[in-house]
Amino acid sequence: TEVPMGPALDRVVVTCVDPRFHPTTTLGIDPGDAFVMRVVGGRVTDAVVTGLAMVFAMKGAPQAVAVMHHTDCGTARLAGELAWEVSATTGQPAARFREIAVIDPHETVAADVARLSGSLHEGTPIAGFVYDVASGRVERVA
């Protein structure tokens, strides 16, 4: 049988690579219902914007985009000395890693929703969520 390339619900979720949760389960959708882009910290980087543009070019603008950050994100360590270690390993400036640190997921998800609002097709609904790893609760933030 032919397996469709696009998601059943025409949605996109941008979230973290953290293994403590899975975005489809957390958001109550089934695998195959949405494109899921998992990146360190769930941050909307230039690569995420480019990836979304490619998905939209192939499949058309989605009905909705969700950006989900979470509490207790490991990227918070990038705001300190770990940024220098990663910088030494990658050759990228430490400031770049500090920019993606998720210290307050409410602030970072709101910033990423705002960034996408200026980068996507006009009228594409974009929502921001914070997942609490301790309680399992999802809160809509933006």
Side-chain angles (χ1 to χ4, degrees), residues 1-80 82-83 85-142:
T1 62
E2 187 175 322
V3 178
M5 183 184 290
L9 296 179
D10 199 20
R11 304 224 185 335
V12 177
V13 177
V14 179
T15 193
C16 188
V17 297
D18 194 301
R20 293 176 286 180
F21 68 97
H22 195 279
T24 53
T25 306
T26 302
L27 293 174
I29 57 178
D30 292 325
D33 281 350
F35 285 109
V36 177
M37 300 178 78
R38 293 189 82 161
V39 296
V40 173
R43 297 307 309 270
V44 175
T45 62
D46 290 343
V48 168
V49 173
T50 300
L52 287 170
M54 293 170 63
V55 167
F56 297 170
M58 291 186 297
K59 301 301 292 178
Q63 294 173 358
V65 176
V67 179
M68 187 167 63
H69 295 184
H70 64 89
T71 59
D72 192 33
C73 186
T75 62
R77 296 182 1 211
L78 290 172
L82 186 60
E85 291 178 38
V86 176
S87 176
T89 302
T90 64
Q92 299 292 320
R96 182 173 188 203
F97 301 107
R98 286 193 181 100
E99 290 173 3
I100 65 166
V102 177
I103 297 168
D104 181 339
H106 295 84
E107 288 180 13
T108 54
V109 82
D112 284 355
V113 166
R115 179 176 183 188
L116 280 183
S117 294
S119 302
L120 302 181
H121 296 290
E122 190 174 325
T124 301
I126 306 165
F129 301 89
V130 171
Y131 174 74
D132 187 308
V133 296
S135 70
R137 292 185 52 229
V138 176
E139 174 187 2
R140 183 169 180 166
V141 175

Return the minimal non-hydrogen interatomic distance between [X] and [Y], and the atom names on each side.
X	Y	answer
V13	A34	CG2-CB, 4.3 Å
A127	R140	CB-NH2, 3.5 Å
V36	P23	CG1-CG, 3.6 Å
G41	C16	N-SG, 3.3 Å

Handout entry: All salt bridge (charged side-chain N to carboxylate O under 4.0 Å, His left out) counterparts of R137, not counting sequence neighbours
Key = none
Problem - side-chain contact (heavy atoms from CB on, under 4.5 Å) against V17, all qualifying residues, sequence neighbours excluded - result: R38, V40
Handout entry: Contacts of A94 that satisfy side-chain contact (heavy atoms from CB on, under 4.5 Å) - sequence neighbours left out
Key = A83, W84, S87, R98
Pairwise distance [atom1]([X]) to [atom2]([Y]) - rounded to 0.5 angstrom:
X	Y	atom1	atom2	answer
D33	D10	CG	CG	11.0 Å
T90	R96	OG1	CZ	7.5 Å
T75	E99	OG1	CD	12.5 Å
L120	F56	CG	CZ	4.5 Å
T15	M37	OG1	CE	12.0 Å
D18	Y131	CG	OH	9.0 Å

Sequence neighbours left out, what passes side-chain hydrogen bond (donor to acceptor under 3.5 Å, both in side chains) with [X]? Give chain and number order.
X	answer
R115	D46
D132	none
T24	H22

Problem - D112 with R43: basic N within carboxylate O range, under 4.0 Å - result: yes
Handout entry: Pair T26-F129, side-chain contact (heavy atoms from CB on, under 4.5 Å): steps then yes or no
Key = CA-CA 11 Å; T26 302; F129 301 89; over 6 Å; no
Handout entry: 4.5 Å side-chain heavy-atom contact, V39 and T45
Key =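 Side-chain contact under 4.5 Å: no.
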Problem - Any side-chain heavy-atom pair of R11 and I29 under 4.5 Å - result: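 The answer is no; the side chains never approach within 4.5 Å.
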Problem - D72 vs R20, side-chain contact (heavy atoms from CB on, under 4.5 Å): CA-CA, chis, key distance, verdict - result: CA-CA 11 Å; D72 192 33; R20 293 176 286 180; 2.8 Å; yes
Practice task
Determine yes or no for a side-chain-to-main-chain donor-acceptor pair under 3.5 angstrom, with T108 supplying the side chain and V102 the backbone.
Solution key: no
